[in-house]
Amino acid sequence: FPSHDTSVLWGLLIVHQCAAPRIWQEQDLDLIQQLSVQLEIAIQQANAYTKLEQELQVTEAAKVLIKEQVADLTAWRNRYEKVGLVSGQILYEFDFRTATITWGANTQLILGYSIPELPRDLDGWVQLIHPEDRQHFEEALKHNRLNKLPFFEQYRVKHRNEYYIWVEDRNDYLIDNDGMVIGVIGVIADITKRKQDELELQHLNQSLELAVQKRTQELWQVNKLQRTILDSADYAMITLDLNGIVQTFNAGAEKMFGYSMSEVVGCYAPVKFHDFTQITEVAAALSQELGRSITPGLEALTSKVNQAKG
(Lines give C-alpha, C1' and ligand atoms only; values in the text may rest on other atoms or scores of the structure.)
Protein backbone atom coordinates (compact mmCIF):
# COMPACT_ATOMS: atom_id res chain seq x y z
CA PHE A 1 0.00 0.00 0.00
CA PRO A 2 1.34 3.44 -0.92
CA SER A 3 1.52 6.52 1.30
CA HIS A 4 -0.14 9.77 0.35
CA ASP A 5 3.28 10.70 -0.93
CA THR A 6 3.21 8.56 -4.07
CA SER A 7 7.02 8.56 -4.22
CA VAL A 8 7.25 6.44 -1.05
CA LEU A 9 6.13 2.78 -0.81
CA TRP A 10 5.54 1.73 2.78
CA GLY A 11 4.92 -1.99 2.10
CA LEU A 12 2.52 -4.66 0.78
CA LEU A 13 -0.61 -6.02 2.49
CA ILE A 14 -1.15 -9.62 1.30
CA VAL A 15 -4.21 -11.72 2.21
CA HIS A 16 -4.52 -15.35 1.12
CA GLN A 17 -6.28 -18.61 2.03
CA CYS A 18 -3.98 -21.65 2.05
CA ALA A 19 -6.49 -24.43 2.78
CA ALA A 20 -8.32 -24.32 -0.57
CA PRO A 21 -8.95 -22.04 -3.54
CA ARG A 22 -11.23 -19.09 -2.79
CA ILE A 23 -13.13 -16.69 -4.89
CA TRP A 24 -12.89 -13.32 -3.22
CA GLN A 25 -16.10 -11.41 -2.87
CA GLU A 26 -16.59 -7.68 -3.16
CA GLN A 27 -17.09 -7.35 0.59
CA ASP A 28 -13.78 -9.15 1.14
CA LEU A 29 -11.99 -6.67 -1.04
CA ASP A 30 -13.68 -3.75 0.77
CA LEU A 31 -12.51 -5.16 4.11
CA ILE A 32 -8.92 -5.47 2.89
CA GLN A 33 -9.07 -1.91 1.55
CA GLN A 34 -10.30 -0.61 4.91
CA LEU A 35 -7.52 -2.51 6.70
CA SER A 36 -4.89 -0.93 4.44
CA VAL A 37 -6.29 2.54 5.17
CA GLN A 38 -6.09 1.91 8.92
CA LEU A 39 -2.53 0.65 8.59
CA GLU A 40 -1.62 3.72 6.56
CA ILE A 41 -3.03 5.99 9.28
CA ALA A 42 -1.17 4.06 11.97
CA ILE A 43 2.12 4.31 10.06
CA GLN A 44 1.61 8.04 9.46
CA GLN A 45 0.98 8.62 13.16
CA ALA A 46 4.04 6.60 14.09
CA ASN A 47 6.21 8.57 11.66
CA ALA A 48 4.76 11.85 12.87
CA TYR A 49 5.45 10.88 16.47
CA THR A 50 9.02 9.89 15.64
CA LYS A 51 9.58 13.17 13.79
CA LEU A 52 8.07 15.17 16.64
CA GLU A 53 10.24 13.35 19.15
CA GLN A 54 13.35 14.15 17.09
CA GLU A 55 12.32 17.80 16.82
CA LEU A 56 11.76 17.93 20.57
CA GLN A 57 15.22 16.50 21.15
CA VAL A 58 16.73 19.13 18.84
CA THR A 59 14.70 21.85 20.59
CA GLU A 60 15.85 20.69 24.01
CA ALA A 61 19.47 20.61 22.84
CA ALA A 62 19.03 24.13 21.44
CA LYS A 63 17.53 25.30 24.74
CA VAL A 64 20.48 23.88 26.65
CA LEU A 65 22.92 25.54 24.25
CA ILE A 66 21.10 28.87 24.46
CA LYS A 67 21.05 28.62 28.25
CA GLU A 68 24.80 27.96 28.30
CA GLN A 69 25.44 30.85 25.92
CA VAL A 70 23.28 33.18 28.01
CA ALA A 71 25.18 32.10 31.12
CA ASP A 72 28.51 32.77 29.36
CA LEU A 73 27.31 36.17 28.17
CA THR A 74 26.08 37.03 31.66
CA ALA A 75 29.40 35.99 33.15
CA TRP A 76 31.32 38.10 30.64
CA ARG A 77 28.99 41.05 31.23
CA ASN A 78 29.60 40.76 34.97
CA ARG A 79 33.35 40.64 34.38
CA TYR A 80 33.04 43.60 32.03
CA GLU A 81 31.20 45.62 34.67
CA LYS A 82 33.63 44.60 37.43
CA VAL A 83 36.63 45.64 35.31
CA GLY A 84 34.94 48.97 34.72
CA LEU A 85 34.26 49.52 38.42
CA VAL A 86 37.80 48.59 39.41
CA SER A 87 39.38 50.75 36.69
CA GLY A 88 37.41 53.84 37.73
CA GLN A 89 36.75 54.57 34.06
CA ILE A 90 33.58 54.66 31.98
CA LEU A 91 33.17 51.65 29.69
CA TYR A 92 31.16 51.99 26.51
CA GLU A 93 30.39 50.32 23.19
CA PHE A 94 29.23 51.92 19.96
CA ASP A 95 27.41 49.63 17.50
CA PHE A 96 27.88 50.69 13.87
CA ARG A 97 24.87 48.60 12.80
CA THR A 98 22.39 50.39 15.06
CA ALA A 99 24.38 53.63 15.62
CA THR A 100 23.74 53.32 19.37
CA ILE A 101 25.96 53.69 22.42
CA THR A 102 25.82 51.18 25.29
CA TRP A 103 27.17 52.68 28.51
CA GLY A 104 28.90 50.66 31.21
CA ALA A 105 30.21 51.34 34.70
CA ASN A 106 31.12 54.62 36.44
CA THR A 107 29.01 57.08 34.41
CA GLN A 108 27.59 58.62 37.57
CA LEU A 109 30.98 58.62 39.31
CA ILE A 110 32.68 60.57 36.54
CA LEU A 111 29.96 62.55 34.75
CA GLY A 112 27.17 62.64 37.34
CA TYR A 113 24.68 61.03 34.90
CA SER A 114 22.98 57.70 35.44
CA ILE A 115 23.09 55.37 32.44
CA PRO A 116 19.47 56.14 31.36
CA GLU A 117 20.27 59.88 31.43
CA LEU A 118 23.16 59.63 28.96
CA PRO A 119 22.52 59.92 25.20
CA ARG A 120 22.39 56.68 23.21
CA ASP A 121 23.45 58.28 19.92
CA LEU A 122 26.70 59.96 18.85
CA ASP A 123 25.07 63.33 18.11
CA GLY A 124 23.78 63.48 21.67
CA TRP A 125 27.25 62.77 23.03
CA VAL A 126 28.79 65.47 20.83
CA GLN A 127 26.37 67.99 22.36
CA LEU A 128 27.91 67.30 25.78
CA ILE A 129 31.41 68.10 24.47
CA HIS A 130 32.73 71.62 25.05
CA PRO A 131 31.94 73.83 22.01
CA GLU A 132 35.65 74.64 21.59
CA ASP A 133 36.51 70.91 21.37
CA ARG A 134 33.68 69.60 19.17
CA GLN A 135 35.23 70.28 15.79
CA HIS A 136 38.53 68.67 16.79
CA PHE A 137 36.66 65.64 18.18
CA GLU A 138 34.63 65.15 15.01
CA GLU A 139 37.65 65.61 12.72
CA ALA A 140 39.72 63.14 14.75
CA LEU A 141 36.85 60.64 14.76
CA LYS A 142 36.42 60.92 10.99
CA HIS A 143 40.16 60.54 10.39
CA ASN A 144 40.45 57.47 12.60
CA ARG A 145 37.39 55.75 11.10
CA LEU A 146 38.61 56.45 7.57
CA ASN A 147 42.06 55.03 8.28
CA LYS A 148 40.87 52.22 10.60
CA LEU A 149 42.95 53.60 13.48
CA PRO A 150 42.27 53.26 17.22
CA PHE A 151 40.83 56.43 18.75
CA PHE A 152 42.74 58.42 21.39
CA GLU A 153 41.75 61.99 22.22
CA GLN A 154 41.45 64.40 25.15
CA TYR A 155 38.57 66.86 25.34
CA ARG A 156 36.14 68.52 27.75
CA VAL A 157 32.67 67.15 28.57
CA LYS A 158 29.85 68.81 30.50
CA HIS A 159 29.16 67.29 33.92
CA ARG A 160 25.58 66.89 35.10
CA ASN A 161 26.25 69.74 37.54
CA GLU A 162 26.85 72.14 34.63
CA TYR A 163 30.66 72.36 34.68
CA TYR A 164 33.20 70.84 32.31
CA ILE A 165 35.75 68.14 33.08
CA TRP A 166 38.69 66.93 31.01
CA VAL A 167 38.43 63.33 29.79
CA GLU A 168 40.71 60.94 27.91
CA ASP A 169 38.79 58.82 25.40
CA ARG A 170 40.29 55.60 24.00
CA ASN A 171 38.60 52.97 21.84
CA ASP A 172 39.34 50.20 19.37
CA TYR A 173 37.33 48.20 16.86
CA LEU A 174 35.05 45.22 17.48
CA ILE A 175 35.26 42.46 14.85
CA ASP A 176 32.62 39.75 14.32
CA ASN A 177 33.25 36.10 13.37
CA ASP A 178 33.23 37.02 9.68
CA GLY A 179 35.97 39.61 10.16
CA MET A 180 33.61 42.55 9.74
CA VAL A 181 33.96 45.71 11.84
CA ILE A 182 30.72 46.03 13.81
CA GLY A 183 31.60 48.80 16.26
CA VAL A 184 34.06 50.04 18.85
CA ILE A 185 34.65 49.38 22.53
CA GLY A 186 36.32 52.01 24.66
CA VAL A 187 37.01 53.68 28.00
CA ILE A 188 36.70 57.27 29.18
CA ALA A 189 38.89 58.47 32.07
CA ASP A 190 38.63 61.68 34.09
CA ILE A 191 41.97 63.55 33.66
CA THR A 192 40.86 66.91 35.08
CA LYS A 193 43.39 66.79 37.94
CA ARG A 194 46.18 65.90 35.52
CA LYS A 195 45.22 68.79 33.25
CA GLN A 196 45.14 71.19 36.21
CA ASP A 197 48.60 70.01 37.28
CA GLU A 198 49.89 70.43 33.71
CA LEU A 199 48.45 73.96 33.59
CA GLU A 200 50.03 74.85 36.93
CA LEU A 201 53.35 73.44 35.76
CA GLN A 202 53.06 75.43 32.54
CA HIS A 203 52.42 78.63 34.50
CA LEU A 204 55.34 77.82 36.80
CA ASN A 205 57.65 77.24 33.84
CA GLN A 206 56.53 80.52 32.31
CA SER A 207 57.20 82.31 35.60
CA LEU A 208 60.65 80.72 35.84
CA GLU A 209 61.44 81.68 32.26
CA LEU A 210 60.45 85.28 32.97
CA ALA A 211 62.53 85.26 36.16
CA VAL A 212 65.54 83.82 34.29
CA GLN A 213 65.13 86.41 31.53
CA LYS A 214 64.92 89.18 34.11
CA ARG A 215 67.97 87.88 36.01
CA THR A 216 69.89 87.46 32.77
CA GLN A 217 69.11 91.04 31.83
CA GLU A 218 70.23 92.23 35.27
CA LEU A 219 73.49 90.26 35.01
CA TRP A 220 74.05 91.61 31.53
CA GLN A 221 73.62 95.16 32.83
CA VAL A 222 75.97 94.46 35.78
CA ASN A 223 78.56 92.93 33.45
CA LYS A 224 78.20 95.83 31.08
CA LEU A 225 78.74 98.27 33.95
CA GLN A 226 81.67 96.24 35.24
CA ARG A 227 83.19 96.12 31.78
CA THR A 228 82.76 99.88 31.39
CA ILE A 229 84.52 100.46 34.72
CA LEU A 230 87.35 98.07 33.88
CA ASP A 231 87.84 99.49 30.42
CA SER A 232 87.92 103.07 31.71
CA ALA A 233 90.98 102.30 33.84
CA ASP A 234 94.44 103.05 32.37
CA TYR A 235 96.05 100.10 34.12
CA ALA A 236 95.68 96.39 33.39
CA MET A 237 93.01 94.48 35.38
CA ILE A 238 92.81 90.68 35.10
CA THR A 239 90.64 88.31 37.15
CA LEU A 240 91.08 84.54 37.42
CA ASP A 241 88.93 81.58 38.47
CA LEU A 242 90.07 78.98 41.04
CA ASN A 243 91.97 77.13 38.32
CA GLY A 244 93.90 80.24 37.34
CA ILE A 245 92.05 80.74 34.04
CA VAL A 246 91.47 84.35 32.95
CA GLN A 247 87.88 85.52 33.44
CA THR A 248 88.16 89.25 32.72
CA PHE A 249 90.72 91.17 30.68
CA ASN A 250 90.19 94.92 30.45
CA ALA A 251 91.21 97.39 27.78
CA GLY A 252 94.29 98.36 29.82
CA ALA A 253 95.41 94.73 29.80
CA GLU A 254 94.86 94.55 26.07
CA LYS A 255 97.09 97.59 25.57
CA MET A 256 99.73 96.32 27.99
CA PHE A 257 100.00 92.72 26.78
CA GLY A 258 98.90 93.01 23.16
CA TYR A 259 96.21 90.29 23.45
CA SER A 260 92.54 90.87 22.81
CA MET A 261 90.01 89.90 25.46
CA SER A 262 88.52 87.18 23.19
CA GLU A 263 91.94 85.55 22.84
CA VAL A 264 92.62 85.03 26.53
CA VAL A 265 89.35 84.91 28.53
CA GLY A 266 88.61 81.30 29.41
CA CYS A 267 91.72 80.05 27.65
CA TYR A 268 94.94 81.17 29.35
CA ALA A 269 96.53 81.48 32.76
CA PRO A 270 98.41 84.71 33.61
CA VAL A 271 101.79 82.92 33.54
CA LYS A 272 101.55 83.36 29.77
CA PHE A 273 102.21 87.07 30.23
CA HIS A 274 105.33 86.65 32.44
CA ASP A 275 108.91 85.79 31.65
CA PHE A 276 109.44 82.18 32.68
CA THR A 277 112.97 82.93 33.99
CA GLN A 278 111.55 85.61 36.28
CA ILE A 279 108.77 83.25 37.50
CA THR A 280 111.43 80.60 38.26
CA GLU A 281 113.41 83.09 40.31
CA VAL A 282 110.28 84.17 42.19
CA ALA A 283 109.41 80.50 42.91
CA ALA A 284 112.90 79.83 44.29
CA ALA A 285 112.77 82.91 46.52
CA LEU A 286 109.33 82.00 47.82
CA SER A 287 110.41 78.42 48.50
CA GLN A 288 113.19 79.73 50.73
CA GLU A 289 110.94 82.29 52.40
CA LEU A 290 107.99 79.99 53.05
CA GLY A 291 110.00 76.91 53.85
CA ARG A 292 108.31 74.73 51.25
CA SER A 293 108.72 74.00 47.56
CA ILE A 294 106.95 76.45 45.25
CA THR A 295 106.62 75.35 41.62
CA PRO A 296 107.20 77.89 38.84
CA GLY A 297 103.83 78.82 37.45
CA LEU A 298 100.49 79.87 38.97
CA GLU A 299 101.55 78.81 42.46
CA ALA A 300 104.46 81.24 42.32
CA LEU A 301 102.01 84.08 41.62
CA THR A 302 99.36 83.17 44.21
CA SER A 303 101.12 81.47 47.11
CA LYS A 304 101.60 84.67 49.13
CA VAL A 305 97.92 85.58 48.68
CA ASN A 306 96.77 82.10 49.66
CA GLN A 307 98.98 82.15 52.74
CA ALA A 308 97.51 85.50 53.79
CA LYS A 309 93.98 84.07 53.46
CA GLY A 310 94.99 81.03 55.50
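Only a predicted model underlies this, so the values are computations on that prediction, with no experimental measurement involved.
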Between [X] and [Y], what is the shortest heavy-atom contact and its length?
X      : Y      : result
Ile90  : Asn106 : CG1-O, 3.5 Å
Thr107 : Tyr113 : OG1-O, 3.0 Å
Val187 : Tyr92  : N-CE2, 3.6 Å
Gly124 : Pro119 : C-CG, 3.5 Å
Ile294 : Arg292 : CD1-NH1, 3.2 Å
Gln89  : Ile110 : CA-CD1, 3.9 Å

Rounded distance (nearest 0.5 Å) linking atom [atom1] of [X] with atom [atom2] of [Y]:
X      : Y      : atom1 : atom2 : result
Leu31  : Gln25  : CG    : CD    : 13.0 Å
Arg215 : Leu210 : CZ    : CG    : 15.5 Å
Thr59  : Ile66  : OG1   : CD1   : 9.5 Å
Thr100 : Leu122 : OG1   : CG    : 11.0 Å
Glu263 : Phe249 : CD    : CZ    : 8.5 Å
Asp176 : Ile182 : CG    : CD1   : 5.5 Å

Report the C-alpha distance between Tyr164 and Tyr155 in whole Å, list the side-chain angles of each, state the deciding distance to 0.1 Å, and finish with yes or no for ring-ring contact (aromatic ring centres under 6.0 Å, His included). CA-CA 10 Å; Tyr164 285 93; Tyr155 52 89; over 10 Å; no

A side-chain contact here means heavy atoms from C-beta on lying under 4.5 Å apart; do [X] and [Y] qualify?
X      : Y      : value
Leu111 : Trp103 : no
Thr239 : Val246 : no
Phe152 : Asn171 : no
Arg194 : Glu168 : yes
Asp28  : Arg22  : yes
Val126 : Glu138 : yes
Glu93  : Leu174 : yes
Asp121 : Ile101 : no

Counting distance only, does the side-chain N/O of [X] pair as donor-acceptor with the main-chain N or O of [Y] below 3.5 Å?
X      : Y      : result
Asp95  : Ala99  : no
Glu254 : Met261 : yes
Asp178 : Met180 : no
Asn147 : His143 : yes
Glu117 : Ser114 : yes

Would you say the side-chain atoms of Lys195 and Gln154 include a donor-acceptor pair closer than 3.5 Å?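 Yes.
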
Distance-only polar pair, side chains of Thr216 and Gln213, donor-acceptor under 3.5 Å: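 Result is no, nothing qualifies.
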
For atom CD of Gln288, decide whether the heavy atoms of other residues, nucleotides or ligands shown that lie under 6.0 angstrom number more than 12.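 It does not: Gln288 CD has 12 such atoms or fewer within range.
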
In terms of heavy-atom contacts, does CD of Gln135 have more than 12 from other residues, nucleotides or ligands at under 6.0 Å?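 Check fails, neighbour count at 12 or below.
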
In terms of relative ring orientation, are Tyr173 and Phe96 parallel, tilted or perpendicular, with 30° and 60° separating the classes?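 Perpendicular.
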
Over 60° means perpendicular and under 30° means parallel, so tell me whether His159 and Tyr163 are parallel, tilted or perpendicular.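 Parallel, since the angle between the ring planes stays under 30°.
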
After noting the C-alpha distance and the side-chain angles of Glu132 and Arg156, does the key distance pass the salt bridge (charged side-chain N to carboxylate O under 4.0 Å, His left out) rule? CA-CA 9 Å; Glu132 295 177 1; Arg156 288 164 289 180; 3.1 Å; yes

Would Val184 and Leu149 show up in the same hydrophobic cluster when neighbours are defined by side-chain heavy atoms closer than 4.5 Å?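 Unlinked, Val184 and Leu149 end up in two clusters.
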
Membership question, hydrophobic clusters at under 4.5 Å side-chain separation (ILVMFWY): are Leu128 and Phe94 in the same one?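 Yes.
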
Kindly determine whether Leu141 and Phe151 satisfy side chain to side chain contact (heavy atoms under 4.5 Å, CB included), including the steps that lead there. CA-CA 7 Å; Leu141 190 64; Phe151 185 80; 4.0 Å; yes

Using the rule given for side chain to side chain contact (heavy atoms under 4.5 Å, CB included), can you reason through Lys193 versus Asp197, listing the C-alpha separation, both sets of side-chain angles and the distance that settles it, and then say yes or no? CA-CA 6 Å; Lys193 181 63 168 60; Asp197 292 343; 3.0 Å; yes

Set out, in order, the CA-CA distance, both residues' side-chain angles and the distance that settles side chain to side chain contact (heavy atoms under 4.5 Å, CB included) for Arg170 and Glu153, then state yes or no. CA-CA 7 Å; Arg170 300 168 178 258; Glu153 291 296 331; over 6 Å; no

Dump the intermediate steps for salt bridge (charged side-chain N to carboxylate O under 4.0 Å, His left out) on Lys142 and Glu139, then the final yes or no. CA-CA 5 Å; Lys142 182 179 179 180; Glu139 290 175 352; over 6 Å; no

Criterion salt bridge (charged side-chain N to carboxylate O under 4.0 Å, His left out) on Lys51 and Glu53, from CA distance to verdict: CA-CA 5 Å; Lys51 185 178 180 181; Glu53 190 175 43; over 6 Å; no

Using a strict cut-off of less than 4.0 Å between a Lys/Arg side-chain nitrogen and an Asp/Glu carboxylate oxygen, indicate whether Lys158 and Glu162 qualify as a salt bridge.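 Yes, charged N to carboxylate O under 4.0 Å.
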
